[in-house]
Amino acid sequence: MLPCKPSNHSSSSPFNKFPKSFSTIFPSATSAFTTYASISASLMLLRSIFNDLIPYPLRKHIFSAISSLFCFFSGKQTIIIDQSDGIEPNHVFNATELYLSTKINPNTKRLKVSKRIKDKGLSCKLDKGQRITDSFNGLELKWRHVCYEVEKKGNVTEKRYFMLRFKKNNGDLVMNSYLPFVLKSAEMIENEMRVLKIHTLGNVHYGSKFKWESIKLEHPSTFETLALDPELKTMIVDDLNRFIRRKEFYKKVGRSWKRGYLLYGPPGTGKSSLVAAMANYLKFDIYDLQLENIKSDSDLRRLLLDMGNRSILVIEDIDCTVNLPDRGHRRHGQDKQLTLSGLLNFVDGLWSSCGDERIIVLTTNHKHRLDPALLRPGRMDLHIHLSYCGMHAFKVLAANYLGIEGEHRLFGEIEVLLGATKVTPAQVAEELMKDEDVDVAVEGFLSFLKQRKMEEDELEKDEASKKAEVKESRELKIEHKYLKKDEPLKKAEVKESRELKIEHKCPEKDEVSKKAEVKESEELKIEHKYLEKEEASKKTKF
Ligand SMILES: Nc1ncnc2c1ncn2[C@@H]1O[C@H](COP(=O)(O)OP(=O)(O)OP(=O)(O)O)[C@@H](O)[C@H]1O
């Protein structure tokens, strides 16, 4: 530690080390402060006089003329990016703000930090007046965030812009490469930070008009956690990637940039989980449309037009939500009802072109019940069948729920049973969650499968015996019918035989009568002979 020197104004004062003239040149701290205060007061006075005397438009012109003059001599070029373009927000401004928030460094003196409840982390922005230097392809780019106040009819509003300065003659590079790079980077950052939402029809309806209401989508399903056949999974992911990167292709071939998926399969096979995985993968919002709440085609049209881009419209259980009459079956006086054609119009009609990057997903447990018009190519581009759990899907679930990477001693037995039973991924998931101990959980699942197999076998037996019963009763019915059919035949036969008998009896009768006739003729003959004899004797007497 340095020893404290006693204060001695005579020779030890630092000021005394300088020549006498120096202390007269530099004023004391008090007089310097007084001078500063009076200068700034005069400047403020001048500023308010300037503001009062010169109207705002003229002031603006003066300032811009001064800054142009300054730019001319400085050898720099300047780009101004205003907060708004007329009444619309300026997309470049928002993108710049987002991009620059990633360029903040420890030298940045003042930041604005915020976080909304739904945001993932803190968001930092440049405060007004702050500067940042960026570099791009060896070019130095100086940004400044400028805020100013505008007074209009007594109301003061704050306006903001970003000022970008760079060396002259680099305008082309900045306009054609750097600013597009800023926009692209901002889009990527936005995707990264984007809070996905699920929109549903609110309970409240304003003047009988339903409105979308949204909450944060927190479904954790991803393609990694989804238990699907690997080939099917790859096919779906490839299809989504192709759809996203083919904006220009859709334009070229004259199709609206949308894609339709039909997911079908038994309950609990992961249809809703697949929709959530798609949304998380693409960073698309979900619009969950419950058709049973919609009364007419015009309601449907309005809701669909209210949807945002980069979204997935989901209509779950389309086969049982509503009974949609089609164009031909619309009853007279019911023009306002919801129709199948109204829905189809959205799927591939004119309304479908209102909006970009839209995916439509219909789900059903019974594909065969759907109207063929809905399944026509071009409406539902891909039909995805989600089925019972196979070994691949089981391994994904075992890894997710129990952390089993690779094999387990009971997997062989499980594979055989899975091939012989019908178990949905939802049932597997439920069983695997029953215990935290891996072995206990897998053993539990194996006994569940055995139990299922026994139940299914019994059910099969029951069904087989029922089928046999049904078959038997059918045969009996057929026999009965045959017998019934035979009865008139038999009656006819009996009648015929009777008639034949009668006919048979008749010749007997004839014989009797013939005999009688013969007898009669014989008697007549005898009578005749007797008469002839009598006459002959009479003749001899005479
Ligand atoms: N393929 C799967 N991969 C991972 N988990 C799944 C899968 N299928 C079902 N599950 C699990 O089962 C639960 C229910 O599945 P989900 O709701 O996706 O089935 P669904 O086919 O949509 O059923 P429903 O037809 O009844 O709506 C999910 O929360 C998930 O935990």
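Both backbone and side-chain heavy atoms feed into the values below; hydrogens, waters and symmetry mates do not. Counting starts at 1 for both ligands and their atoms, in listed order.
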Checklist line | Sub-4.0 Å heavy-atom contact, Tyr264 with ligand 1 | finding: no
Next item on the list: Take every heavy atom of Leu397, measure it against each atom of ligand 1, and state whether any distance is under 4.0 Å.
Entry: yes
Starting from [atom], what is the nearest protein heavy atom, named by residue and atom, and what distance separates them?
atom	value
atom 26 (O) of ligand 1	Pro267 CB, 3.6 Å
atom 25 (O) of ligand 1	Lys271 NZ, 3.0 Å
atom 19 (O) of ligand 1	Gly270 N, 3.3 Å
atom 7 (C) of ligand 1	Pro425 CB, 3.5 Å
atom 3 (N) of ligand 1	Ala227 N, 2.8 Å
atom 27 (O) of ligand 1	Ser272 OG, 3.9 Å
atom 11 (C) of ligand 1	Ala426 CA, 4.0 Å
atom 31 (O) of ligand 1	Tyr401 OH, 3.6 Å

Next item on the list: Give me the ring orientation class for Trp257 and Tyr250: parallel if the planes are under 30° apart, tilted from 30 to 60°, perpendicular past 60°.
Entry: tilted
Next item on the list: Just say parallel, tilted or perpendicular for the rings of His368 and His366, cut-offs at 30° and 60°.
Entry: perpendicular
Check: Would you say the side-chain atoms of Arg144 pair up with the backbone N or O of Lys128, donor to acceptor, closer than 3.5 Å?
Finding: no
Check: Can you check whether Tyr287's main-chain N or O pairs, donor with acceptor, with Trp212's side chain at less than 3.5 Å?
Finding: no
Check: With a cut-off of 4.0 Å, which atoms of ligand 1 are near a heavy atom of Ser273?
Finding: 15 (O), 16 (P), 18 (O), 28 (C), 30 (C)
Next item on the list: Check each atom of ligand 1 against the heavy atoms of Leu226 and keep those under 4.0 Å away; list them by number with element.
Entry: 3 (N)
Going by distance alone, is a donor N or O of one side chain under 3.5 Å from an acceptor N or O of the other, for [X] and [Y]?
X	Y	answer
His199	Asp306	no
Thr200	Gln290	no
Tyr161	Asn90	no

For ligand 1 and [X], I'd like to know whether there is a polar contact (N/O to N/O, distance under 3.5 Å).
X	answer
Leu228	no
Gly268	yes
Thr225	no
Asn365	yes

Notebook entry, point to check: With sequence neighbours left out, what residues match Phe162 under ring pair (Phe, Tyr, Trp, His ring centres under 6.0 Å)?
Noted result: Phe93, His145
Next item on the list: Sort and list the pairs that fulfil ring-ring contact (aromatic ring centres under 6.0 Å, His included) and have at least one residue in residues 419-438, not counting sequence neighbours.
Entry: none
Next item on the list: For a side chain to side chain contact (heavy atoms under 4.5 Å, CB included) with Ile318, tell me which candidate from Leu289, Thr364, Asp371, Val361 qualifies.
Entry: Thr364
